[in-house]
Amino acid sequence: MLAIRIADVRYRYGDREALCGLSLDVAPGETVTVLGPNGSGKSTLFRLISTLMPMQQGEIDVFGCSVRTDAARVRGALGVVFQSPSLDKKLTVRENLRCHAAMYGLGGLELKRRIGEMLGRLKLEDRAGDRVETLSGGLKRRVELAKGMLHEPRLLVLDEPSTGLDPAARSDLWRYLGEVSEQDGVTVVATSHLLEEAERADRIAIVHQGQVVACDTPTALKSSLGGDAITLRSADPKALAAAIEEKFNCPAQVLDGVVRLEQPDGHQWASRLFEGVGDRFDELTIGKPTLEDVFIARTGHRFFAE
Ligand SMILES: Nc1ncnc2c1ncn2[C@@H]1O[C@H](COP(=O)(O)OP(=O)(O)OP(=O)(O)O)[C@@H](O)[C@H]1O
């Protein structure tokens with residue numbers, strides 16, 4: 001049984017279509033990043049999976065339970081970490097965890113055990129009695145995670161979990177997510193608009209304008225481009241692209257004033273380009289394809305220009 005089955009989901013806010021037939025399957029125990037630029041529909045998808053908004057069209061099942069007809073069971077299987085802080089600043093770390101546990105009917109010795117375990121795993125033991133308002137951003141995120149994991153969910157969904165974290169705290173967060181996935185078999189689905197952190201997951205679902213445009217392991221996505229990414233800067237990029245296409249009979253794309261090609265043998269292409277059209281460009285760069293190159297290849301847009 002799949003951990004999540006998302007089939008042809010559409011969602012509109014008035015005239016604006018935020019999800020346009022989005023489909024994605026997630027297997028139990030996987031970590032998946034839903035990667036997309038601002039406005040691509042990630043938070044809308046997160047809200048639908050976590051039953052915070054009613055579905056309009058399409059289906060979402062969590063461990064076989066429909067978010068439409070079985071929302072209570074879906075919620076029982078889910079741990080949710082929101083983009084905006086959900087902690088009570090005036091309460092201590094332990095008090096926040098206790099309040100959350102009450103909503104799941106947890107109490108007594110079992111609750112004590114779970115709180116102790118979460119505080120230990122997230123290295124929060126010595127801060128358990130501190131008010132949340134006195135904690136750093138990274139520590140607060142760890143408390144959010146402890147809260148999301150307290151009732152031992154089978155699936156953890158996180159909306160932009162590294163918002164406001166510095167690179168070290170972000171790395172800690174992903175190490176922890178890797179641990180819960182490997183040690184506890186928890187399925188992790190996190191939205192992100194950060195290319196570099198998306199690569200920490202087993203698979204990446206790239207979302208553009210409310211649809212999944214590519215979904216695979218980070219390595220497979222990058223190797224799907226089949227070669228090196230070559231970029232050329234020129235005073236007249238359109239004329240340069242036209243000259244390359246005519247001379248070498250290969251596609252050359254102009255994006256944000258830069259000419260781009262993808263070719264399997266970048267270095268040989270560099271000498272060909274210098275010989276053939278060297279007088280038309282000022283700078284040539286060759287690199288292994290990045291996730292941004294994958295995004296450009298699949299959408300025709302730059303990731304951060306959206
Ligand atoms: N409450 C709302 N009312 C109207 N339009 C909305 C609402 N929430 C989101 N939208 C629109 O739906 C589209 C998708 O937004 P969504 O927040 O799901 O994207 P996102 O990928 O999470 O973006 P971000 O990374 O900026 O959080 C956007 O065009 C957004 O403006």
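Each ligand, and each atom within it, is numbered from 1 in the order the structure gives. In this chain, residues are counted from 1 in sequence order.
The protein residues lying under 4.0 angstrom from ligand 1, judged by non-hydrogen atoms, are Tyr13, Arg16, Ala18, Pro37, Asn38, Gly39, Ser40, Gly41, Lys42, Ser43, Thr44, Glu160.
When each of Arg10, Arg68, Arg5 is tested with Glu59 by the rule salt bridge (charged side-chain N to carboxylate O under 4.0 Å, His left out), just one qualifies, namely Arg68.
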List the atom pairs, donor and acceptor, that lie under 3.5 Å between side-chain atoms in residues 215-225 and the rest of the protein, sequence neighbours left out.
residue, atom, partner, partner atom, Å
Thr217, OG1, Ala220, N, 3.1
Lys222, NZ, Glu199, OE1, 2.9
Ser223, OG, Thr219, O, 2.9
Ser223, OG, Ala220, O, 3.4
Ser224, OG, Leu221, O, 2.5
Ser224, OG, Arg298, NH2, 3.2

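Using modelled atom types, one finds no donor on one side chain facing an acceptor on the other under 3.5 Å when comparing Arg260 with Thr231.
For Asp282, the salt bridge (Lys or Arg N to Asp or Glu O under 4.0 Å) test picks out no residue, with sequence neighbours left out. Partners of Asp184 under the salt bridge (Lys or Arg N to Asp or Glu O under 4.0 Å) rule, at least two apart in sequence or in another chain, are Arg121.
Asp265 and Arg272 are joined by a salt bridge, as a carboxylate oxygen and a charged side-chain nitrogen come within less than 4.0 angstrom of each other.
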